[in-house]
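See structure below.
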2 protein chains.
Amino acid sequence: MSSEKKKYTERQQQIAVFANALAHPVRVAILDLLHSQPCCYHGDMAEELPVANSTLSQHLKVLKDAGLIQGEINPPKTKYCINRQNYTIAYTLFACFFEDALETTLSQEGIIQCE
Amino acid sequence: MSSEKKKYTERQQQIAVFANALAHPVRVAILDLLHSQPCCYHGDMAEELPVANSTLSQHLKVLKDAGLIQGEINPPKTKYCINRQNYTIAYTLFACFFEDALETTLSQEGIIQCE
DNA sequence: AATTCTCTTCGTATATTTGCGAATAATTTT
DNA sequence: AAAATTATTCGCAAATATACGAAGAGAATT
């Protein structure tokens, strides 16, 4: 009962998942915060970002489900940090994706390397 | 009456726009097709992809609005191709974004270069 | 035990996304 | 001029995303 028509490759779906996580500016802003320090508490982010507390929780969940961040819950505080392993995977997927399109101009300069 | 609280930077918004364009697997698949050839007709894509014609048009519009592709309309046919200029911008934004987070492991190896 | 602090979940409202078929537009072919 | 070809737009339905305040959970403090 599986294949009526070709669906999408794992790679295509994985790119979409990571891209979807970055598809809202507040989530990019959240990650920017986590780039500038090893970890960050929910409350500290809430002060910096123009969304309500509950909304922030939702966005953090999206990022966590996509695998880009991980949370350490020690009530009443929650500490978040980047998931470096998946970040590396995401970086490679995006780099190779764009390299595919731009290889004629970029690969010659040795800026990026795929496979 | 402008700033009650900081909104998002242009960069954060631009990343979100590009990411949103890649946030659906069929759009990644569309771009994959355009990577493998200089241009492609709507009809040729419709044969390869598991979506209806009208749905394909919508996704193409999303990609076009984000600036990742451009269309050349010669009715009854429409030819699409990658927008290389914006592709380069997108590539740079994503590379620098991930580099920010991974710089301790990647920048030392000279894989990526920002600024 | 009650209060406080922090964060998540729930409930709700609104907007956007995704999908398809039918109808439309624009050209080429018959 | 009629028919065929190709792609977009329209109209609709269903699902998902976004946002907030209120309510709830979990631990520390009073």
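All heavy atoms count here, side chains included; hydrogens, waters and symmetry mates do not. Below, chain A is the first sequence line, B the second, and so on; all start at residue 1.
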> Between Y87(A) and H35(A), does any side-chain donor sit less than 3.5 Å from a side-chain acceptor?
Replying inline: yes

> Which letters describe nucleotides 17-30 of chain D, given B = protein heavy atom under 4.0 Å from base, S = only from sugar-phosphate, - = neither?
Replying inline: -SBBBB---BS---

> Between atom CG in D65(B) and atom C1' in dT9(D), what is the gap in whole Å?
Replying inline: 14 Å

>> Main chain of H59(A), side chain of R27(A): is a donor-acceptor contact present, judged purely on distance under 3.5 Å?
In response: no

>> A side-chain contact here means heavy atoms from C-beta on lying under 4.5 Å apart; do Y80(A) and I30(A) qualify?
In response: no

> Please give, in whole Å, the distance from dA22(C) P to N53(B) CG?
Replying inline: 13 Å

> Just how far, in rounded Å, is P of dT5(D) from CD of E47(B)?
Replying inline: 14 Å

> Can you tell me how far P of dT9(D) sits from NZ of K61(B), to the nearest Å?
Replying inline: 7 Å

> Can you tell if the side chain of D65(B) reaches within under 4.5 Å of the side chain of K61(B), non-hydrogen atoms only?
Replying inline: yes

> Can you check the K77(B) NZ to dT29(C) P distance for me, whole Å?
Replying inline: 11 Å

> Can you check the I69(A) CD1 to dC7(C) C1' distance for me, whole Å?
Replying inline: 14 Å

> Any idea how F94(B) and F94(A) line up, ring-wise: parallel (<30°), tilted (30 to 60°), or perpendicular (>60°)?
Replying inline: parallel

> Shortest non-hydrogen contact from Y8(B) to Q13(B)?
Replying inline: O-NE2, 3.1 Å

>> Rounded to whole Å, please give me the gap between CD in E72(A) and P in dC7(C).
In response: 13 Å

>> I want to check one thing: is the phosphate of dT8(D), taken as OP1 and OP2, less than 4.0 Å away from some side-chain N or O of Y80(B)?
In response: yes

> Given atom NZ of K64(A) and atom P of dC7(C), what is their separation to the nearest angstrom?
Replying inline: 13 Å

>> Taking any heavy-atom pair under 4.0 Å as a contact, classify S57(A): base, sugar-phosphate, or nothing.
In response: base

